[in-house]
Amino acid sequence: MDFKEYAIKSTETACNDFFRNARATPADKLDWKPGDATRSTLEICQEVAQSPTWGVGILAARGWHGGDPGQMEEMMAKAMEERKLWDTIDKCEAATRENCSKLYEAIRAFPEEELQKTFVLPFAGGIQRSMADTCLVQYWNSTYHLGQLCYVQRMLGDTEMH
């Protein structure tokens, strides 16, 4: 299995794990937040649904495509509006699957010889990433947020491994 297919397979597994765990959250607790500056299970699911689009855009542009840091507020406002459309776990999972299909297509089409090309993201003072890192962005984001889901579930008294 080559790197691109490994990235896709790993991402599929991470998304499956993520949504299996998200579905373990009681329906009446999907909007519950452990604190003021935290996110609910549903809000976390909404980000996971949207995050494949980040990689699609970066792979297509061969680097950061979102403009300068001053445009981030406008981009985030638009992203948050889109997320409101996904108001159930089912809708979040469907959007994730659709957006991941586009990401997988972009990964498969990306030239192998350009995977090590790097670019700078306009976050946290500038973060350097490779195009190979971008192929794994949804994998990373899903596993990162899986940890958050497990923490929220633990706070709700759920100690099972899902």
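Taking NZ from Lys29 and CD from Gln153, the interatomic distance works out to 13.0 Å, rounded to the nearest 0.5 Å. Here the CZ-CG distance, from Arg108 to Asp2, works out to 9.5 Å after rounding to the nearest 0.5 Å. Taking CG from Leu103 and CD1 from Ile8, the interatomic distance works out to 7.5 Å, rounded to the nearest 0.5 Å. A distance of 11.5 Å separates CD of Glu114 from CD of Gln116, quoted to the nearest 0.5 Å. The distance from atom SG of Cys92 to atom CG of Leu85, rounded to the nearest 0.5 Å, is 10.0 Å. The CG atom of Asp31 sits 9.0 Å away from atom OG1 of Thr41, with the distance rounded to the nearest 0.5 Å.
Residues Asn21 and Cys150 are in side-chain contact: their nearest non-hydrogen atoms beyond the backbone lie under 4.5 Å apart. Using a 4.5 Å heavy-atom threshold, the side chains of Leu42 and Thr25 count as separate. Glu43 places none of its side-chain heavy atoms less than 4.5 Å from the side chain of Glu47. Residues Phe18 and Glu93 have side chains not in contact (no heavy-atom distance under 4.5 Å, counting atoms from C-beta outward). Contact check for Pro52 versus Tyr104: no side-chain heavy atoms found under the 4.5 Å cut-off.
Residues satisfying the side-chain contact (heavy atoms from CB on, under 4.5 Å) test with Asn16, not counting sequence neighbours, are Arg97. Asp28 meets the side-chain contact (heavy atoms from CB on, under 4.5 Å) test with Pro26; sequence neighbours excluded. Contacts of Arg20 classified as side-chain contact (heavy atoms from CB on, under 4.5 Å), with partners at least two apart in sequence or in another chain: Asp17. Residues satisfying the side-chain contact (heavy atoms from CB on, under 4.5 Å) test with Ser101, not counting sequence neighbours, are none.
Side-chain atoms of Lys4 do not come within 3.5 Å of backbone N or O of Cys135 as any donor-acceptor pair. A distance-only check finds a donor-acceptor pair linking the side chain of Gln46 to the backbone of Trp86 [under 3.5 Å]. Judged purely by atom type and a 3.5 angstrom limit, Lys117 uses its side chain to pair as donor or acceptor with the backbone of Arg62. Asn141 places no side-chain N or O within 3.5 Å of a backbone atom of Val137 that could act as its donor or acceptor partner. Asn99 contributes no side-chain N or O that, together with a main-chain N or O of Thr53, makes up a donor-acceptor pair within less than 3.5 Å. Side-chain N or O atoms of Ser10 include none that pairs as donor or acceptor with a backbone N or O of Ala7 at under 3.5 Å.
Taking hydrophobic clusters as Ile, Leu, Val, Met, Phe, Trp and Tyr residues chained together by side-chain heavy-atom distances below 4.5 Å, Val56 shares a cluster with Leu59. A continuous path of ILVMFWY side-chain contacts below 4.5 Å connects Val48 to Leu30, so both sit in one hydrophobic cluster.
Defined by atom type and a distance below 3.5 Å, a donor-acceptor pair is present between the side-chain atoms of Thr118 and Gln128.
What you find for Phe19 and Cys45 is that their closest heavy atoms are CE2-SG, 4.2 Å. Of all heavy-atom pairs between Lys33 and Thr38, the closest is CD-O, 3.4 Å. The two residues Cys100 and Thr11 make their nearest non-hydrogen contact at SG-CG2, 4.4 Å.
For residues 126-150, the pairs satisfying ring-ring contact (aromatic ring centres under 6.0 Å, His included) are Trp140-Tyr144, with sequence neighbours left out.
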>> Between Ser130 and Asp133, does the side-chain contact (heavy atoms from CB on, under 4.5 Å) criterion hold? Intermediate values first, please.
In response: CA-CA 5 Å; Ser130 70; Asp133 293 331; 3.2 Å; yes

> Could you walk me through whether Leu136 and Phe3 pass the side-chain contact (heavy atoms from CB on, under 4.5 Å) check?
Replying inline: CA-CA 10 Å; Leu136 291 166; Phe3 169 76; 4.0 Å; yes

> When you look at Thr96 and Gln138, which way does the side-chain contact (heavy atoms from CB on, under 4.5 Å) test go after all the steps?
Replying inline: CA-CA 10 Å; Thr96 300; Gln138 180 66 9; 4.0 Å; yes

> Are Lys9 and Glu12 close enough, and set up right, to give a side-chain contact (heavy atoms from CB on, under 4.5 Å), and what steps lead you there?
Replying inline: CA-CA 5 Å; Lys9 178 70 174 150; Glu12 288 174 339; 4.2 Å; yes

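The neighbour count for Glu5 CD, taken as heavy atoms of other residues, nucleotides or ligands under 6.0 Å away, is above 12.
Grouped with Tyr151 in one hydrophobic cluster are Trp32, Val152, Met155, Leu156, the linkage being side-chain heavy-atom contacts under 4.5 Å among Ile, Leu, Val, Met, Phe, Trp and Tyr residues.
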